[in-house]
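Start at 1 and go down the list; that is how both ligands and their atoms are numbered. Note that the structure is a prediction, hence the values are computed from the model and not measured. Throughout, residue positions are numbered sequentially from 1 according to the sequence presented. Side-chain atoms are counted along with the backbone in the values below, which use heavy atoms only and exclude waters and symmetry mates.
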Amino acid sequence: MKLLILNGPNLNFLGIREPAIYGKETYEDLLALIRLHAEKRGVAVSFYQSNHEGDLVDAIQKAYFDKIDGIVFNPGAYTHTSIAIADAVKAVGIPTVEVHISNVKEREPFRQVSYIGLVATASVIGEGLQGYLHAMDILIDNA
Ligand code: CA2
């Protein structure tokens, strides 16, 4: 099984700013955590992070041609704005689990809307970096 771990804008800033919301661990720490979990669960993982909406659409389309079996996706702020990204997730038909490190349900009203949530298989919200591992488990256990 091949999983794509996709992260949107500013997630490369993890551990650098706003530790009270997003924790102290860095983006590299996140990748290490995921690599370890992938090894334990016997799945292959690839990673992509971009600050650009179109790049994320391209990455989702590429996942289709690369025969990716599942996407763990934190779209960052594009969660709340991007119909283009939601359309891409729907178009490729790859099971996709939305992840949010923070509990967006208890934050500003504009974070209550998720276009990705409308097309995702499941959403994992407010579990910190562990949420990415939970999302992997959902995809693996439902394959
Ligand atoms: O809670 C999440 O994972 C979010 O997807 C993170 C996005 C935010 O716009 C969503 O509403 C919820 C923001 C990512 C910003 O990441 C930073 C990390 C460290 C320092 C500054 C920003």
Novice: Would the number of heavy atoms belonging to other residues, nucleotides or ligands and lying under 6.0 Å from CZ of F110 be above 12?
Specialist: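 More than 12 heavy atoms, drawn from other residues, nucleotides or ligands, come within 6.0 Å of this atom.
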Novice: So, does S82 use its side chain to make a donor-acceptor pair with the main chain of T79 at under 3.5 Å?
Specialist: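 Not a single qualifying donor-acceptor pair exists.
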Novice: Report yes if R111 has an N/O atom closer than 3.5 Å to an N/O atom of ligand 1; otherwise report no.
Specialist: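 Min N/O separation from ligand 1 is below 3.5 Å for R111.
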Novice: Report, in ascending order of atom number, the atoms of ligand 1 lying under 4.0 Å from any heavy atom of V104.
Specialist: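 Within the 4.0 Å cut-off of V104, ligand 1 contributes 11 (O), 12 (C).
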Novice: Do any N/O atoms on N74 end up under 3.5 angstrom from N/O atoms on ligand 1?
Specialist: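 In this structure, N74 places an N or O atom under 3.5 Å from an N or O of ligand 1.
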Novice: Following the transitive rule for hydrophobic clusters with a side-chain heavy-atom cut-off under 4.5 Å over Ile, Leu, Val, Met, Phe, Trp and Tyr, establish whether I71 and I125 coincide in one cluster.
Specialist: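 No: no chain of side-chain contacts under 4.5 Å links I71 to I125.
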Novice: Nearest protein heavy atom to atom 1 (O) of ligand 1, by residue and atom, and its distance?
Specialist: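 The answer is S102 OG, 2.6 Å.
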Novice: Answer yes if the side chains of E39 and H37 hold a donor-acceptor pair under 3.5 Å, and no otherwise.
Specialist: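 The answer is no; no qualifying pair exists.
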Novice: Give the residue, atom name and distance (to 0.1 Å) of the protein heavy atom nearest atom 13 (C) of ligand 1.
Specialist: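 Answer, as residue, atom name and distance: Y22 OH, 3.4 Å.
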Novice: Show the atoms of ligand 1 that are less than 4.0 angstrom away from any heavy atom in A77.
Specialist: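 Answer, ordered by atom number: 9 (O).
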Novice: Using distance alone, determine whether E18 and ligand 1 share an N or O pair under 3.5 Å.
Specialist: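 N/O-N/O distance below 3.5 Å does not exist for this pair.
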Novice: Go through the side-chain N and O atoms of Y115 and D87 and say whether any donor and acceptor fall under 3.5 Å apart.
Specialist: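 The criterion, which ignores hydrogens and geometry beyond distance, is not satisfied for D87 and Y115.
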Novice: Would you find more than 12 non-hydrogen atoms of other residues, nucleotides or ligands less than 6.0 Å from E106 atom CD?
Specialist: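 For E106, atom CD is not crowded (no more than 12 foreign heavy atoms under 6.0 Å).
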Novice: Before giving the answer on side-chain hydrogen bond (donor to acceptor under 3.5 Å, both in side chains), spell out for N51 and Q49 the whole-Å C-alpha distance, their side-chain angles and the decisive distance to 0.1 Å.
Specialist: CA-CA 7 Å; N51 295 323; Q49 186 275 330; 3.0 Å; yes
Novice: Suppose we measure from atom 20 (C) of ligand 1 to each protein heavy atom; which comes out shortest, and what is that distance?
Specialist: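 So the nearest neighbour among protein heavy atoms is R17 O, 3.0 Å.
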Novice: Where is the nearest protein heavy atom to atom 4 (C) of ligand 1: which residue, which atom, and how far?
Specialist: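 Checking every protein heavy atom, the shortest distance to atom 4 (C) of ligand 1 gives H100 ND1, 3.7 Å.
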Novice: Looking at ligand 1, does any of its N/O atoms fall within less than 3.5 Å of an N/O of T79?
Specialist: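 In this structure, T79 places no N or O atom under 3.5 Å from an N or O of ligand 1.
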Novice: Which of the atoms of ligand 1 are close to I101, meaning less than 4.0 Å from one of its heavy atoms?
Specialist: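 Answer for ligand 1: 1 (O), 2 (C), 3 (O).
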Novice: Any Lys/Arg nitrogen of D137 or R41 sitting under 4.0 Å from an Asp/Glu carboxylate oxygen of the other?
Specialist: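 A salt bridge is present here (some side-chain N lies under 4.0 Å from a carboxylate O).
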Novice: I'd like the name of whichever of N10, L129, I16 reaches closest to atom 15 (C) of ligand 1 through any heavy atom.
Specialist: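 Of the listed residues, N10 has the closest heavy atom.
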Novice: Mind checking whether H80 has an N or O less than 3.5 Å away from an N or O of ligand 1?
Specialist: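 Among all N and O atoms of H80, at least one is under 3.5 Å from an N or O of ligand 1.
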Novice: May I ask you to decide if V104's main-chain N or O and Q112's side chain share a donor-acceptor pair within less than 3.5 Å?
Specialist: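 Here the side-chain-to-backbone pair exists.
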